[in-house]
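Not measured: the values here are computed from a predicted model. Basis for what follows: all heavy atoms, side chains included, without hydrogens, waters or symmetry-related copies.
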Amino acid sequence: MNYWLMKSEPSVFGIDALAAARGKRSAWDGVRNYQVRNMLRDQMKKGDLAFFYHSSCEVPGIYGIVRVVKEGYPDSTAFDAKHHHYDAGSDPDKPRWYMVDVVLERKLRAPITLETLKQRAASFPELLILRRGNRLSITPVSLSDWQRIIKLESA
DNA sequence: GCCAACGTTGGC
DNA sequence: GCCAACGTTGGC
């Protein structure tokens, strides 16, 4: 069982869009970064939990928890010439990009904001999102960081 | 293989 | 809108 943090811009796909999706389930498509691709393809397992993080918005932070319900499979948006995330270099017989399916486990009662996390940065030595220059849209979260972060919801 | 130019991310 | 940081591209 692994833990993750998955970023999304709410203006593109936020927690409310996920909550409105059929079965509250969505394909996490459009990843075009090799490090993140490797996590999607090789490391994310059914049942893993992830923080759903809003980035590039007024109040960046964790807004919910999602669960992986389908492990890595080829990202079909890469094959669609009309799609925004089309990649001519991804051959259906040898897909370059992968995605997983996630389902909304629950929204947080109140977001755990980036500001809050930064204030307590000393408590989260391994949290990649707090490191300078981190730009990966999916990052692993250690079990101990996960547990400490969850506690902030009721703090 | 080097590295400058360019594109993207994301907080502010 | 700015800009630091980082990934990717492509000429050499």
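- For the pair A:V31 and A:M6, the minimum side-chain heavy-atom distance is 4.5 Å or more.
- Within a 6.0 Å sphere centred on NZ of A:K46, heavy atoms belonging to other residues, nucleotides or ligands number 12 at most.
- Counting to the nearest Å, the C1' atom of C:dC6 and the CG atom of A:L128 are 14 Å from each other.
- A:R148 places no side-chain N or O within donor-acceptor distance of the main-chain N or O of A:F124, the cut-off being under 3.5 Å.
- Rounded to an integer number of Å, the gap from A:R131 CZ to C:dC6 P is 12 Å.
- When rounded to the nearest whole Å, the span between CG of A:L136 and P of B:dG10 equals 9 Å.
- Taking atom CG of A:L5 as the reference point, atom C1' of B:dT9 lies 15 Å away to the nearest angstrom.
- For A:N38 and C:dG7, the CG to P distance is 13 Å, given to the nearest whole Å.
- At B:dG11, one or more side-chain N or O atoms of A:Y53 fall inside 4.0 Å of OP1 or OP2 (strictly under the cut-off).
- When the P atom of B:dT8 is taken as reference, atom OH of A:Y34 falls 15 Å away, rounded to whole Å.
- Following rounding to the nearest Å, A:L117 (CG) and B:dC12 (C1') show an atom-to-atom distance of 17 Å.
- Contact check, A:K7 against B:dT9: no side-chain N or O comes under 4.0 Å of OP1 or OP2.
- Rounded to whole angstrom, the span from the CZ atom of A:R135 across to the P atom of C:dA5 amounts to 12 Å.
- Nearest to the side chain of A:R132, among C:dT8, C:dA5, B:dG10, sits C:dA5.
- Under 3.5 Å, the side chains of A:Y63 and A:D16 contain no donor-acceptor pair of N or O atoms.
- Note on A:Q35: only backbone sugar-phosphate atoms sit closer than 4.0 angstrom, heavy atoms only; bases stay farther off.
- Residue contacts for A:S55: at a heavy-atom cut-off of 4.0 Å it reaches the sugar-phosphate backbone alone, with no base atom in range.
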